[in-house]
2 protein chains.
Amino acid sequence: MNAVQVDGYRESMPRDTLTREQIVTAAIALLDADGLEGLNMRALGERLGSAATAVYWHVGSKDNLIALASDQVWHEITLPDPDLVNWRTAATAMATDLYAMLTRHPWLLQAFGSFLMSGPGKARHDDHLLAIYEAAGFAGAAADQAAATVFTFVLGNALGPAAAASLTRKLRREDSDAEQTIRDTMTEARRIAAQFPRLRARLDTHSADYSAAPDNTFQFGLQAVLDGLEARLGAM
Amino acid sequence: MNAVQVDGYRESMPRDTLTREQIVTAAIALLDADGLEGLNMRALGERLGSAATAVYWHVGSKDNLIALASDQVWHEITLPDPDLVNWRTAATAMATDLYAMLTRHPWLLQAFGSFLMSGPGKARHDDHLLAIYEAAGFAGAAADQAAATVFTFVLGNALGPAAAASLTRKLRREDSDAEQTIRDTMTEARRIAAQFPRLRARLDTHSADYSAAPDNTFQFGLQAVLDGLEARLGAM
DNA sequence: GCAGCGACTTGCACTATGTTCAAGTGAACG
DNA sequence: CGTTCACTTGAACATAGTGCAAGTCGCTGC
């Protein structure tokens with residue numbers, strides 16, 4: 001930024017220009033805070049201390065900026081040693097880490113629905129995922145299928161929490177009385193659930209919204225999936 | 001609609017007003033054709049033969065309309081007999097049907113990321129899903145976890161094809177030369193993949209985009225997941 | 001040291017789109 | 001025949017992505 005807001009006027013500084021990295025970092029921060037629909041170029045420009053349109057010179061378009069941000073966050077995933085004695089340890093670590101990342105950045109799954117992400121960050125992840133399943137003993141196409149099975153399972157699991165987080169942010173942004181709206185929505189959900197026998201039976205046991213889905217459902221499912229894959233491994 | 005477009009002029013008819021059902025049906029058609037971002041109220045109004053703003057009286061807002069459409073499509077899923085001798089048959093049927101529905105309506109997963117869908121249509125589905133896993137022998141919370149495991153697996157699997165479909169529609173809408181852009185994107189994806197050993201090894205085997213993910217990956221994964229669950233069933 | 005060039009920034013303005021609102025319009029009912 | 005209520009309409013406003021032409025800054029070659 002070549003100017004800083006100080007008490008309402010701009011003080012000139014030795015010029016240092018925006019960088020793409022800086023912009024992507026700021027975009028991710030805004031996305032985390034306000035969700036995909038909450039990101040707008042004018043707010044981003046303000047955060048960066050420059051005009052909204054300056055960003056365009058560096059990233060071309062908002063869509064491209066989102067693509068860049070969407071790829072960047074894949075670098076947050078740590079890659080476990082693929083040659084552990086127990087491949088399930090590595091597989092579980094990567095799946096859990098991915099789940100956590102997707103929960104940290106709920107907008108990523110929204111972006112995934114709209115843009116195809118295939119940058120270096122995701123490639124780095126995908127490649128290492130394959131390493132783990134190949135080291136486990138899955139050969140050729142079987143490694144792809146095993147990796148895809150766990151990967152898609154994790155994506156699907158993160159969808160619920162991500163949707164809940166996005167909804168919350170959206171309401172807080174648009175709705176003057178977000179808490180009341182959320183309460184109303186949950187009441188309505190319970191009213192609907194009450195009309196179906198098995199859902200009704202669960203109304204008292206656990207609350208009806210996704211954000212309350214207990215974390216152990218993910219771990220339960222993940223271990224079941226890995227069991228199913230391990231059985232196939234024995235048959236190879 | 002109270003008027004019909006005939007050769008460019010409007011012919012008045014005995015008044016029949018818009019219905020919410022009509023609007024939702026038209027919205028689903030537009031969403032299927034143009035994707036979530038392609039739906040706009042003016043186009044919807046035009047398709048319905050009325051002013052864009054007439055829709056608001058019936059559905060309140062675009063968000064609400066999307067929520068209505070998002071719930072409606074769940075009714076397309078057929079509910080298999082939960083008391084089949086082999087529970088896996090019913091479970092597989094429902095999962096496969098859901099996968100097909102999500103592929104037919106790629107915008108649904110996008111909407112799922114932005115809005116929480118919990119209408120009667122999804123409740124009907126969820127309730128029946130529980131019926132199947134309870135009939136299979138999963139008791140109490142185990143039925144929820146088993147159902148959620150398969151359900152989220154299917155969601156995650158549909159995400160790839162849905163993203164590809166959305167992207168294609170988006171490009172066709174915005175880009176004058178969509179085919180070229182798609183080709184460029186795939187070339188770029190291959191360039192990136194070439195920098196990672198395991199992805200590079202696969203470059204010639206199968207193409208790098210999601211739409212080409214073979215259908216058998218879904219079936220492979222689904223059966224693996226069901227295997228993992230069945231093993232738990234034996235231990236109950 | 002200065003002219004010019006290229007890298008970046010800016011404000012303006014255009015466009016598309018969700019939405020509000022006040023005014024209408026038609027059908028049914030008393 | 002008039003009132004009412006259910007709907008429809010067109011104009012208008014706000015927001016947000018983005019193209020464009022005109023800057024501004026620093027470096028480079030003369």
Side-chain angles (χ1 to χ4, degrees), chain A residues 1-5 9-23 26-27 30-31 34-69 107 111 114-115 170-171 173-176, chain B residues 1-5 9-23 26-27 30-31 34-69 107 111 114-115 170-171 173-176:
Chain A
M1 58 198 91
N2 62 348
V4 179
Q5 289 278 11
Y9 70 94
R10 279 164 173 265
E11 196 173 46
S12 78
M13 292 179 69
R15 178 174 197 162
D16 64 339
T17 71
L18 285 176
T19 66
R20 186 179 260 221
E21 227 177 87
Q22 218 173 72
I23 293 173
L30 281 182
L31 285 165
D34 299 333
L36 192 57
E37 305 180 28
L39 174 67
N40 74 77
M41 303 304 272
R42 287 176 233 263
L44 180 61
E46 196 170 345
R47 186 189 180 93
L48 289 164
S50 59
T53 50
V55 174
Y56 281 87
W57 195 90
H58 296 274
V59 301
S61 71
K62 186 186 184 186
D63 277 8
N64 192 46
L65 172 59
I66 291 173
L68 291 171
W107 48 271
S114 311
F115 317 93
K170 182 205 192 86
L171 286 177
R173 189 155 31 85
E174 300 178 353
D175 201 322
S176 51
Chain B
M1 58 196 90
N2 63 348
V4 178
Q5 291 276 12
Y9 70 93
R10 282 165 172 263
E11 196 174 47
S12 79
M13 292 180 69
R15 177 176 196 162
D16 64 340
T17 71
L18 285 176
T19 65
R20 185 178 260 219
E21 226 177 88
Q22 220 171 73
I23 293 172
L30 281 183
L31 286 165
D34 300 330
L36 192 57
E37 304 179 31
L39 175 67
N40 73 78
M41 304 304 271
R42 288 175 234 262
L44 180 61
E46 196 171 345
R47 185 189 180 92
L48 290 164
S50 59
T53 49
V55 173
Y56 281 87
W57 194 90
H58 297 275
V59 301
S61 70
K62 185 186 185 185
D63 276 7
N64 193 45
L65 172 60
I66 291 173
L68 291 170
W107 46 271
S114 311
F115 316 93
K170 183 206 193 85
L171 287 176
R173 190 155 30 83
E174 300 178 353
D175 200 322
S176 51

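Keep in mind that the numbers below use all heavy atoms, side chains included, and drop hydrogens, waters and symmetry copies. A note on names: the letters A, B, ... follow the listed sequences, proteins ahead of strands, and every chain is numbered from 1.
- In this structure, the side chains of A/L31 and A/L36 come closer than 4.5 Å at one or more pairs of heavy atoms.
- Within the structure, salt bridge (Lys or Arg N to Asp or Glu O under 4.0 Å) contacts touching residues 49-59 of chain A (residues at least two apart or in different chains) do not occur.
- In this structure B/A27 satisfies the side-chain contact (heavy atoms from CB on, under 4.5 Å) test together with B/L44, B/L65, sequence neighbours excluded.
- Between B/H58 atom NE2 and D/dT9 atom C1' there is a gap of 12 Å when expressed in whole angstrom units.
- Atom CH2 in B/W57 sits roughly 17 Å away from atom P in C/dC21 (whole-Å rounding).
- Separating the CD atom of B/E46 from the P atom of C/dA16 is a distance of 14 Å, rounded to the nearest angstrom.
- Contact annotation: the side chain of B/L39 approaches that of B/I66 to within less than 4.5 Å [non-hydrogen atoms, C-beta and beyond].
- Taking atom CD on B/Q22 and atom P on D/dC7, their separation rounds to 12 Å, with Å as the unit.
- When rounded to the nearest whole Å, the span between CD1 of A/I23 and P of C/dC8 equals 11 Å.
- Atom CZ in B/R20 sits roughly 15 Å away from atom C1' in D/dC7 (whole-Å rounding).
- As rounded to whole Å, 12 Å separates atom P of C/dT17 from atom CG of B/L30.
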Please write out each protein N/O paired with an N/O of nucleotides 15-19 of chain D under 3.5 Å, distance rounded to 0.1 Å.
unit_1, atom_1, unit_2, atom_2, d
D/dA16, N7, A/R42, NH2, 3.2
D/dG17, OP1, A/L39, O, 3.4
D/dG17, OP1, A/K62, NZ, 2.5
D/dG17, OP2, A/M41, N, 2.9
D/dG17, N7, A/R42, NH2, 2.5
D/dG17, O6, A/R42, NH2, 2.8
D/dT18, OP2, A/Y56, OH, 2.9
D/dT18, OP2, A/K62, N, 2.9
D/dT18, O4, A/R42, NH1, 3.4

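- Under the rule for a salt bridge (Lys or Arg N to Asp or Glu O under 4.0 Å), the partners of B/K170 that lie at least two apart in sequence or sit in another chain are A/D63, B/E37.
- B/L48 and B/Q22 make their closest contact through CD2-O, 4.0 Å (heavy atoms, listed as atom of the first residue, atom of the second, distance).
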